[in-house]
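The next block holds one structure in the form of structure tokens; read it before the comments.
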Amino acid sequence: MEEKFIAAFESNRAAANLMGVRMRSLDVKGAKRILSGTRLSDGFNDLAAKGQLKLSLEALVIDKRFTALFTDEEANEALSRLLEAGYQF
């Protein structure tokens with residue numbers, strides 16, 4: 001499942017890059033580190049400004065395909081960040 005998460009993130013990262021949004025590669029451990037801190041993931045604000053939060057790390061974390069990889073606290077943090085930014089489900 002981790003490989004599928006990484007592949008999905010890399011696909012989103014490539015799409016974001018085409019829009020001029022820079023995001024670093026990461027794995028599940030890196031995603032967990034970002035979610036446990038106070039800073040947003042790379043490109044989050046730029047994706048929000050473009051109405052493309054669906055490409056963010058946070059959106060992938062709450063994707064039902066990958067919820068088993070993250071704790072409830074990590075998923076809640078991702079959801080909170082998305083809601084605060086006005087993410088539309």
Side-chain angles (χ1 to χ4, degrees):
M1 184 179 304
E2 286 189 32
E3 295 83 16
K4 288 181 180 182
F5 174 82
I6 293 168
F9 181 79
E10 287 301 319
S11 176
N12 287 1
R13 183 174 168 255
N17 192 44
L18 290 174
M19 291 185 279
V21 177
R22 308 293 290 177
M23 296 164 57
R24 280 186 240 146
S25 290
L26 56 79
D27 57 11
V28 173
K29 285 183 184 179
K32 289 176 169 288
R33 232 182 351 265
I34 289 169
L35 293 168
S36 69
T38 57
R39 80 173 188 88
L40 298 172
S41 63
D42 290 344
F44 185 91
N45 290 326
D46 292 335
L47 289 170
K50 294 179 183 290
Q52 294 297 317
L53 281 172
K54 66 182 178 191
L55 299 175
S56 70
L57 163 66
E58 290 78 0
L60 272 183
V61 169
I62 64 167
D63 185 311
K64 64 182 177 183
R65 297 175 294 168
F66 306 117
T67 55
L69 294 172
F70 300 95
T71 65
D72 288 345
E73 291 81 14
E74 291 162 343
N76 287 337
E77 179 62 26
L79 180 60
S80 176
R81 292 176 186 186
L82 289 165
L83 291 173
E84 286 177 19
Y87 185 64
Q88 300 294 314
F89 290 88

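Sequence positions, counted from 1, serve as the residue numbers for this chain.
Shortest non-hydrogen contact noted between S56 and L82 is OG-CD2, 3.8 Å. Across every non-hydrogen atom of A31 and L57, the tightest pair is CB-CD1, 3.6 Å. Residue S25 comes nearest to F9 through the heavy atom pair CA-CE2, 4.2 Å, listed as atom of the first residue, atom of the second, then distance.
Of the possible polar contacts, one joining the K32 side chain to the L69 backbone as a donor-acceptor pair under 3.5 Å is found.
A distance of 11.5 Å separates CZ of R22 from CG of D46, quoted to the nearest 0.5 Å. Between the CD atom of E10 and the CG atom of D27 there is a distance of 10.5 Å, given to the nearest 0.5 Å. For the atom pair Q88 CD and L53 CG, the distance stands at 10.0 Å (nearest 0.5 Å). Distance check: E73 CD to S36 OG gives 11.5 Å after rounding to the nearest 0.5 Å. Distance check, rounded to the nearest 0.5 Å: CG of L55 to CE of M23 gives 7.0 Å. If you take CZ on R13 and CG on D42, they are separated by 9.5 Å, rounding to the nearest 0.5 Å.
Applying the ring-ring contact (aromatic ring centres under 6.0 Å, His included) test to F44 and every residue at least two apart in sequence or in another chain returns nothing.
Ion pairing of R65 with D63 is present here, as a side-chain N (NZ or NE/NH1/NH2) and a carboxylate O approach within less than 4.0 Å. Taking the charged nitrogens against the carboxylate oxygens, E84 and R81 have no contact shorter than 4.0 Å, which rules out a salt bridge.
Within 6.0 Å of CZ in R39 there are more than 12 heavy atoms belonging to other residues, nucleotides or ligands.
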- Apply the test side chain to side chain contact (heavy atoms under 4.5 Å, CB included) to residues F89 and L79: give CA-CA distance (whole Å), side-chain angles for both, the deciding distance (0.1 Å), then the verdict. CA-CA 11 Å; F89 290 88; L79 180 60; 3.4 Å; yes
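Aromatic ring centres of F70 and F5 lie closer together than 6.0 Å.
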